[in-house]
Amino acid sequence: MSDSNLTDTKTPIREEDISFYLRSHLNFFESHPDLLSELRLPHASGGAVSLVERQVSILRERNMEMRQRLSNLLDNARDNDRLFDKTKRLVLALLECNELGDLVDALYYSFDKEFGIHYTRLVLFSSKQLDCGAARQDSVFNAREHVGKRLKSPRAVSGGLDIREIQYLFDNDSPNIGSAALAVLIHGTPIGLLAIGNQDPKYYNSGMGTLFLSYIAEVLNRLLPKYL
């Protein structure tokens, strides 16, 4: 092909064609290594760098990003291990209790000392007088007047509790509650409420998971009926 044919071509080469060609021939620069040092690319910090330098920079950035992701995964794994260990200790402590008061003490102690929960409330529904330690005994009928809509759903909720509900659940501590989460304890019918509160208004919110609270509630659903 003559030079005139190259210069007189009717269809100019498009950037898309070049890009497609290079993607289809990934070893192109292996056959033309001299081009790598001649190609110059603009750089964010000013000036220009060679294609090789730019590729090395991109690989370095990707490596740092992957290392950060790996670090985050390891941190999450360690956090999950610690949460599992604390949860296991709590469940074993609850299983070893022979008295309702001891069970309540174990629950409150773990939530406070192990999990750092600001405020814990366990409300139990029973027609007989209970020796329930720090927990509060109430009738399900009275509870319906304050948290009736919560008793209709077995799902734990995080955030969204109104002032009246918080006042009922946390009594004297209610002015200090910024946000709260709640699980209804059920054994056929409602047998109680497990609520946790935090001083931070944004701590418990609708986007926060309730897996831990739901799990502890399920354990209590199986341990409490014999006392009530």
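- Surrounding CD1 of I18 are more than 12 heavy atoms belonging to other residues, nucleotides or ligands, all under 6.0 Å away.
- Within the structure, every pair that satisfies the salt bridge (Lys or Arg N to Asp or Glu O under 4.0 Å) test and touches residues 201-222, not counting sequence neighbours, is listed here: E218-R222.
- To the nearest 0.5 Å, atoms CG (L220) and CG (L122) are separated by 6.5 Å.
- Counting heavy-atom neighbours within 6.0 Å of N63 CG, excluding the residue itself, gives a total above 12.
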Check: Run the salt bridge (charged side-chain N to carboxylate O under 4.0 Å, His left out) check on R82 and D85 step by step: do they pass?
Finding: CA-CA 5 Å; R82 286 191 288 267; D85 287 339; over 6 Å; no
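- Within the structure, no pair that satisfies the ring-ring contact (aromatic ring centres under 6.0 Å, His included) test touches residues 60-83, not counting sequence neighbours.
- Remark: I163 CD1 is loosely packed, at most 12 non-hydrogen atoms of other residues, nucleotides or ligands lying under 6.0 Å away.
- The distance from atom CG of L83 to atom OG1 of T87, rounded to the nearest 0.5 Å, is 4.0 Å.
- Among residues at least two apart or in separate chains, salt bridge (Lys or Arg N to Asp or Glu O under 4.0 Å) pairs with a member in residues 103-131 are R89-E114, R121-D171, R121-D173.
- Here L73 is tied to no hydrophobic group at all, with no ILVMFWY side chain closer than 4.5 Å.
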Margin query: Please evaluate residues L224 and L100 with respect to the criterion side chain to side chain contact (heavy atoms under 4.5 Å, CB included), reporting the C-alpha separation (whole Å), side-chain torsions for both, the decisive distance (0.1 Å), and the verdict.
Written below: CA-CA 8 Å; L224 287 174; L100 178 57; 3.7 Å; yes
Do any side-chain atoms of residues 141-149 form donor-acceptor pairs under 3.5 angstrom with protein atoms, and if so which ones, sequence neighbours left out?
residue, atom, partner, partner atom, Å
N142, ND2, D138, OD1, 3.3
N142, ND2, D138, OD2, 2.8
H146, ND1, N142, O, 3.0

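- Among residues at least two apart or in separate chains, there is no ring-ring contact (aromatic ring centres under 6.0 Å, His included) pair with a member in residues 73-109.
- Listed by chain and number, the hydrophobic cluster partners of L70 are L74, where partners are ILVMFWY side chains within reach of under 4.5 Å, directly or through others.
- Under the 4.5 Å side-chain contact rule for hydrophobic residues, L124 and I191 share a cluster.
- Note on I166: it clusters hydrophobically with L193, by side-chain heavy-atom contacts below 4.5 Å among ILVMFWY residues.
- The nearest pair of heavy atoms linking G160 to E165 is O-OE1, 4.4 Å.
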Check: Is there a side chain to side chain contact (heavy atoms under 4.5 Å, CB included) between L182 and L194 once you walk through the steps?
Finding: CA-CA 6 Å; L182 172 68; L194 176 61; 5.9 Å; no
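- A distance-only check finds a donor-acceptor pair linking the side chain of Q137 to the backbone of L130 [under 3.5 Å].
- Here K86 contributes atom NZ and D81 contributes atom CG; the two are 12.0 Å apart, rounded to the nearest 0.5 Å.
- No more than 12 heavy atoms of other residues, nucleotides or ligands shown are found within 6.0 angstrom of CD on E15.
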Check: Would H118 and N176 count as a side chain to side chain contact (heavy atoms under 4.5 Å, CB included) if you check the C-alpha gap in whole Å, the side-chain angles of each, and the deciding distance to 0.1 Å?
Finding: CA-CA 10 Å; H118 292 176; N176 303 321; over 6 Å; no
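- In this structure, R78 places its CZ atom where more than 12 heavy-atom neighbours from other residues, nucleotides or ligands lie under 6.0 Å away.
- Residues satisfying the side chain to side chain donor-acceptor pair (under 3.5 Å) criterion with E65, sequence neighbours excluded, are R69.
- In this structure, D17 contributes its side chain and I13 its backbone to no donor-acceptor pair below 3.5 Å.
- Remark: side-chain polar atoms of S158 are not paired, donor with acceptor, to backbone N or O of G209 under 3.5 angstrom.
- L213 is not connected to Y168 by any chain of hydrophobic side-chain contacts under 4.5 Å among Ile, Leu, Val, Met, Phe, Trp and Tyr, and they are in different clusters.
- Looking at residues two or more places apart in sequence or on another chain, you find no ring pair (Phe, Tyr, Trp, His ring centres under 6.0 Å) involving F20.
- To the nearest 0.5 angstrom, R136 atom CZ is 10.0 Å from F170 atom CZ.
- For L223, the side chain to side chain contact (heavy atoms under 4.5 Å, CB included) partners two or more places apart in sequence, or in a different chain, are L94, L95, L103, V219.
- R155 pairs by the side chain to side chain contact (heavy atoms under 4.5 Å, CB included) definition with S153, not counting sequence neighbours.
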Check: Going through the checks in order, is the side chain to side chain contact (heavy atoms under 4.5 Å, CB included) test met by I177 and Y119?
Finding: CA-CA 8 Å; I177 304 299; Y119 302 95; 3.3 Å; yes
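- The main-chain N or O of Y204 is found under 3.5 Å from a side-chain atom of S179 such that the two form a donor-acceptor pair.
- Both V91 and L107 are part of a single hydrophobic cluster, where members link through side-chain heavy atoms under 4.5 Å apart.
- Among residue pairs with one or both ends in residues 208-228, those qualifying as ring-ring contact (aromatic ring centres under 6.0 Å, His included) are F111-F212, F115-F212; sequence neighbours excluded.
- Side chain of S110 to backbone of L90: no donor-acceptor contact under 3.5 angstrom is found.
- Note that CD1 of I216 is 11.0 Å distant from CG of N221, once rounded to the nearest 0.5 Å.
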